[in-house]
Amino acid sequence: MTRDSDTDDDTAPTDDPSSDTRQVRADGGAASGADDVALDPWGSATVDDYRKLFAQFGIEEFEEVLPEVPDPHYLMRRGVIFGHRDYRPVAEAMRNDEPFAALSGFMPTGDPHIGHKLVFDEIIWHQERGGDAYGLIADLEAHAARELSWDEIDEHARNYVLSLLALGFDPEAGELYRQSSNREVQDLGFELGAKANFSELQAIYDFDGETDVSHMQSVVTQMADILYPQLEEPKPTVIPVGPDQDPHMRLARDLAARMRYFKVTEAFASFEVDPDERAIIAEAYDALSERHPEETIRCADAARYLENERDPDATDPNATTTDSAIMMLKEAGKEPLRPRTRFLDRNATDEAFDALIEAIDGEKRVYEAHVDAFDLSREDAEELARQVEIDHGGYGFLAPSSIYHRFMTGLTGGKMSSSVPASHISLLDDPSEGYDKVKAATTGGRETAEEQRELGGKADECPVYELYAYLLAGDDDEFATEVYEECVNGERLCGGCKEQAAELMEAFLEDHQEKRAEWEEKLDELDIDFDSDRKRR
Ligand code: TRP
Ligand code: SF4
């Protein structure tokens, strides 16, 4: 079954047992809790209610871009990838065979497990679709934020890389690196650090006077990781991560903008307005220019219109917005009111600023620190600003995009934790151990077989069903749906269901470890050092 037949979704789960619109969705563990959502990159990685992330942090629902993604990955189809920021440009590049990139990073604090596999698969999928792919080992972060020794880090780093390769990452086409040995990343981090200050890190990450400086450096390093794929040339870049990394994404998107030479906005007169004020002024402009198509409209006219003539039912986001728009219009008085595209000088060199002025077609007006263009669309203006920046030695960064996956529920219920071996399956677990862990897992089954046949199992709350949906069913939607349907219809009992899952897990681990062994032989050929020559501590 594909998602076309869905009528329900994550945000409105239906418990109606008679509903025959069941779907392959991974809602396990998504039951809403009373806790507020906290997104903390170094805290415990659980989210009680994924819905809150949309409203609270402005993460968008992945479902909305799904139709724009060519041949979406099963994690996308099943709602495991539930959210995104600005993924559209990446999907568009994929559709049009244009350059794009995918990058994610891993803190080498333990063994890679089946939760990390989600991210490995996401990177690899984008690589297979033609993207520049990057996998990085966040060793500086592990040392600074988690205080791991370099010996431990080296060993774990090696294991992450082996699993990424075994799952299909192509190191010839893509790039694997350690933060500590990537000089370009360090340099970029230094530049980006000049655009962020302590107060900001304090607000975003709760840093305080006790936070050590290396920890802060690991933040700017991550910012550099995220923008690294755009170092040669700007391109849409997706960062697949868990939602706990979203604070990093928001900062990276801000920093990307702060590095730009120009900021492009739209305006109606010499003063700056925010988007809400602009909408109100546009309303006045449209009404007046319709009435007097030949005449110059002045700011004072628009102020008068808004005060006296505006349709009282007109949508008004809030009264203060209208008031501030009127005030600015009055102040500008006789100045003509005309829509224009504005280039604000943020970091441009004098040469770049002059070149921009030169490059603008049509009517323009030049000010101290901005240029207004009257015959240029916003889109063309963005394009032009980026081109001039690149031609004059700037980065021209595009805001990086992200996609967010759900955290897997632990096999023992609760959260999946690297420090609780029974809660997760490590990619290094002996296949028979993987088998045993699945057999011992908590389920969404009923007290008795009889009850299960009558009421059906609770697949949406079952870690074993999650294993099928996130991993064991692979690309086979029909199989995942079958497990789901049979479970909720009472045709499937937990004993047999777990046996089947356990066997699949065992086979997966066997295969994965074989491939790891093959890569171990070839690891020396790769340009990555697992024996860091740092002083031991
Ligand atoms: N902070 C990430 C983690 O805790 C690791 C990381 C470092 C990362 N640099 C990155 C993730 C860049 C995505 C992109 O796992
Ligand atoms: Fe979970 Fe399978 Fe039992 Fe359903 S039958 S509750 S999916 S273990």
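Only heavy atoms go into these numbers, but all of them, side chains included; no hydrogens, no water, no symmetry mates. Whatever order the structure lists them in is the order used to number ligands and atoms, beginning at 1. Residue indices begin at 1 and follow the sequence shown.
Every atom of ligand 2 with a heavy atom of Thr443 under 4.0 Å away is listed here by number and element: 8 (S). Within the listing of ligand 2, atoms 6 (S) sit less than 4.0 angstrom from a heavy atom of Gly445. Near Cys462, with a cut-off below 4.0 Å to any heavy atom, the atoms of ligand 2 are 1 (Fe), 6 (S), 7 (S), 8 (S). Counting the atoms of ligand 2 from 1 in the order shown, those under 4.0 Å from a heavy atom of Tyr465 are 7 (S). Taking every heavy atom of Cys497 and a limit of under 4.0 angstrom, the matching atoms of ligand 2 come to 2 (Fe), 5 (S), 7 (S), 8 (S). Heavy-atom proximity to Ile239, at under 4.0 Å, picks out these atoms of ligand 1: 13 (C), 14 (C).
The option from Glu141, Gln179, His116 that lies nearest to atom 1 (N) of ligand 1, judged by heavy atoms, is Glu141.
Residue-environment remark: CG (Asp212) exceeds the threshold of 12 foreign heavy atoms within 6.0 Å.
For the pair Arg346 and Tyr261, the NZ or CZ position fails the cation-pi test of under 6.0 Å to the six-membered ring centre and within 45 degrees of the ring normal. A cation-pi arrangement is present between Arg492 and Tyr468 under the rule of less than 6.0 angstrom and at most 45 degrees off the ring axis.
Heavy atoms of Gln452 approach ligand 2 to within less than 4.0 angstrom. Residue contact check for ligand 1: Pro41 places no non-hydrogen atom closer than 4.0 Å to it.
When only interatomic distances are considered, the shortest N/O to N/O separation between His248 and ligand 1 does not fall below 3.5 Å. On a distance-only criterion, Asp225 and ligand 1 share at least one N/O pair closer than 3.5 Å.
Contact annotation: Cys494 places an N, O or S atom under 2.8 Å from atom 3 (Fe) of ligand 2.
Here Tyr404 and His84 keep their ring centres 6.0 angstrom or further from each other.
The proximity of Thr221 to ligand 1, defined as any non-hydrogen pair under 4.0 Å, does not occur for either the backbone or the side chain.
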Quiz prompt | Residues Trp519, His512; criterion ring-ring contact (aromatic ring centres under 6.0 Å, His included); working and verdict | solution = CA-CA 11 Å; Trp519 274 107; His512 181 66; over 10 Å; no
